**Student:** 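Structure below; questions to follow.
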2 protein chains.
Amino acid sequence: MKLDPQDIEARFRRHAVRVTRQRAAIYAALVETTSHPSADDLYRLVKRQQPMMSRNTVYYTLGVLRNAGLIREVNVGHDMARYDGNVSLHHHLICLGCGQILDVLDEDLNRLQLSNGQARGFDVLRHRVEFHGYCVSCQQAERNVSPRRK
Amino acid sequence: MKLDPQDIEARFRRHAVRVTRQRAAIYAALVETTSHPSADDLYRLVKRQQPMMSRNTVYYTLGVLRNAGLIREVNVGHDMARYDGNVSLHHHLICLGCGQILDVLDEDLNRLQLSNGQARGFDVLRHRVEFHGYCVSCQQAERNVSPRRK
DNA sequence: TGCTATGTAGGAATCATTCCTGTCTAGCAA
DNA sequence: TTGCTAGACAGGAATGATTCCTACATAGCA
């Protein structure tokens with residue numbers, strides 16, 4: 001989704017996030033893609049427009065935006081963290097081959113909850129569902145290399 | 001669950017995993033706890049019986065056991081990896097305060113699947129559901145320190 | 001019992017992330 | 001508009017979980 005600079009500024013102010021050139025660029029990059037980039041992906045992306053950008057600033061900004069609820073962190077395995085500019089309730093479909101992450105929108109999944117017995121006194125705030133498998137290209141690649149899935 | 005040495009040996013052989021003292025100790029420790037320990041937790045635990053144990057061997061062994069399907073890796077955020085000796089299909093309830101992980105056994109959760117449209121050609125092999133919240137002690141601790149949840 | 005592929009220990013290396021520090025600037029107040 | 005100050009930025013150093021490397025040890029077969 002494409003965002004105007006003034007939309008970004010308004011969102012930042014609504015969430016009490018100070019507006020800076022760096023933050024706007026990082027947030028814009030994240031909202032405009034559906035690819036769930038890593039901190040380093042964003043660093044390389046944003047550095048093209050702002051060569052002085054520090055990797056540190058990317059991490060710091062991602063922390064600020066996450067705490068403000070403007071972005072979400074997505075974790076696949078214990079690989080590097082990946083980020084999602086879409087904070088509406090949704091889940092993920094993850095390719096074990098190439099690591100791509102697709103969004104899954106499903107009201108039934110959003111409504112899942114534990115019974116009281118299962119919750120064991122927890123105050124459950126949220127849940128997350130991940131589907132793991134192989135995307136079309138990785139299935140094809142696998143077939144070309146070896147007929148057996150490891 | 002308590003396991004005899006011969007049970008462990010039989011499982012290892014069934015999964016074509018070479019039997020060594022170190023592996024047996026690491027696997028036994030993992031199956032006997034429900035606390036989903038990290039590699040380093042296991043290292044410290046097992047080192048008490050086998051002082052020569054190397055942290056490296058723990059990592060290597062966990063890799064071998066995971067590839068053999070004898071254990072599972074559980075990931076919470078991008079914290080260090082944690083391991084689960086229970087490979088039967090189940091899900092997790094995670095405390096955002098203290099990091100403890102409880103098992104959730106629920107046939108309905110086990111049966112979740114994506115519609116063809118949602119799956120977008122993926123060959124979906126498995127899914128995982130995580131519930132995040134605060135356990136009873138962390139809720140109490142929070143109340144004592146500050147009335148506001150962050 | 002001996003051989004050999006595989007496992008183990010320990011140290012070095014990696015690399016995502018965090019910490020530190022000096023400079024800069026957004027956003028408020030005068 | 002200008003000045004002030006808390007908070008943000010850049011860049012380098014530090015951290016810490018994990019992996020790599022290598023020489024020695026051993027499981028398990030012949």
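Every chain is numbered from 1 and lettered A, B, ... according to where its sequence line falls, protein lines coming before strand lines. Bear in mind the structure is a predicted one, so any value in this text is a computation, not a measurement.
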**Student:** Please indicate whether Q6(B) has more than 12 foreign heavy atoms, meaning atoms of other residues, nucleotides or ligands, lying under 6.0 Å from its CD.
**Tutor:**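 Enclosed: over 12 neighbouring heavy atoms sit under 6.0 Å from CD of Q6(B).
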
**Student:** Go through the structure and list residues passing salt bridge (Lys or Arg N to Asp or Glu O under 4.0 Å) with R13(A), not counting sequence neighbours.
**Tutor:**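 In terms of salt bridge (Lys or Arg N to Asp or Glu O under 4.0 Å), with neighbours along the sequence ignored, R13(A) is linked to E9(A).
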
**Student:** For a quick check, with a 4.0 angstrom heavy-atom cut-off, what is the B/S/- contact string for nucleotides 17-30 of chain C, read 5' to 3'?
**Tutor:** BBBB----BBS---

**Student:** Which two nucleotides bound the region of DNA chain D that has atoms under 4.0 Å from heavy atoms of chain B, read 5' to 3'?
**Tutor:**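 The protein-touched segment is dA17(D) to dG28(D).
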
**Student:** Does S54(B) offer a backbone N or O that forms a donor-acceptor pair with the side chain of Q22(B) under 3.5 Å?
**Tutor:**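 Answer holds: no.
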
**Student:** Given atom NZ of K47(B) and atom P of dT8(C), what is their separation to the nearest angstrom?
**Tutor:**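 Whole-Å distance recorded here is 15 Å.
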
**Student:** Less than 3.5 Å apart, which donor and acceptor atoms pair up between the side chains of residues 94-106 of chain B and the rest of the protein, not counting sequence neighbours?
**Tutor:**
residue, atom, partner, partner atom, Å
D103(B), OD1, H36(B), NE2, 2.9
D103(B), OD1, H90(B), NE2, 3.3
D103(B), OD1, H92(B), NE2, 3.3
D106(B), OD1, D108(B), N, 2.7
D106(B), OD1, L109(B), N, 3.0
D106(B), OD2, Q118(A), NE2, 2.8

**Student:** Does a side-chain N or O from Q50(B) land closer than 4.0 Å to OP1 or OP2 of dT8(C), or not?
**Tutor:**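 No, outside the criterion.
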
**Student:** Measure centre to centre between the rings of Y43(B) and Y59(B), then say whether the value is under 6.0 Å.
**Tutor:**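 Centroid distance Y43(B)-Y59(B): not below 6.0 Å, so no.
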
**Student:** It should be established whether T57(B) places a side-chain nitrogen or oxygen under 4.0 Å from OP1 or OP2 of nucleotide dA9(C).
**Tutor:**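 Checking dA9(C) against T57(B), a side-chain N or O does come within under 4.0 Å of OP1 or OP2.
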
**Student:** Show, in sequence, the C-alpha distance, side-chain angles and deciding distance for E32(A) and K2(A), and conclude whether the side chain to side chain contact (heavy atoms under 4.5 Å, CB included) test is met.
**Tutor:** CA-CA 5 Å; E32(A) 283 165 20; K2(A) 189 72 185 163; 3.5 Å; yes

**Student:** Partners of E107(B) by side-chain hydrogen bond (donor to acceptor under 3.5 Å, both in side chains), sequence neighbours excluded?
**Tutor:**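 E107(B) satisfies side-chain hydrogen bond (donor to acceptor under 3.5 Å, both in side chains) with N110(B) only.
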
**Student:** For residues 70-92 of chain A, which residue pairs qualify under salt bridge (charged side-chain N to carboxylate O under 4.0 Å, His left out), counting only residues two or more places apart or in two chains?
**Tutor:**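 Passing the test, one end in residues 70-92 of chain A: R66(A)-E73(A).
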
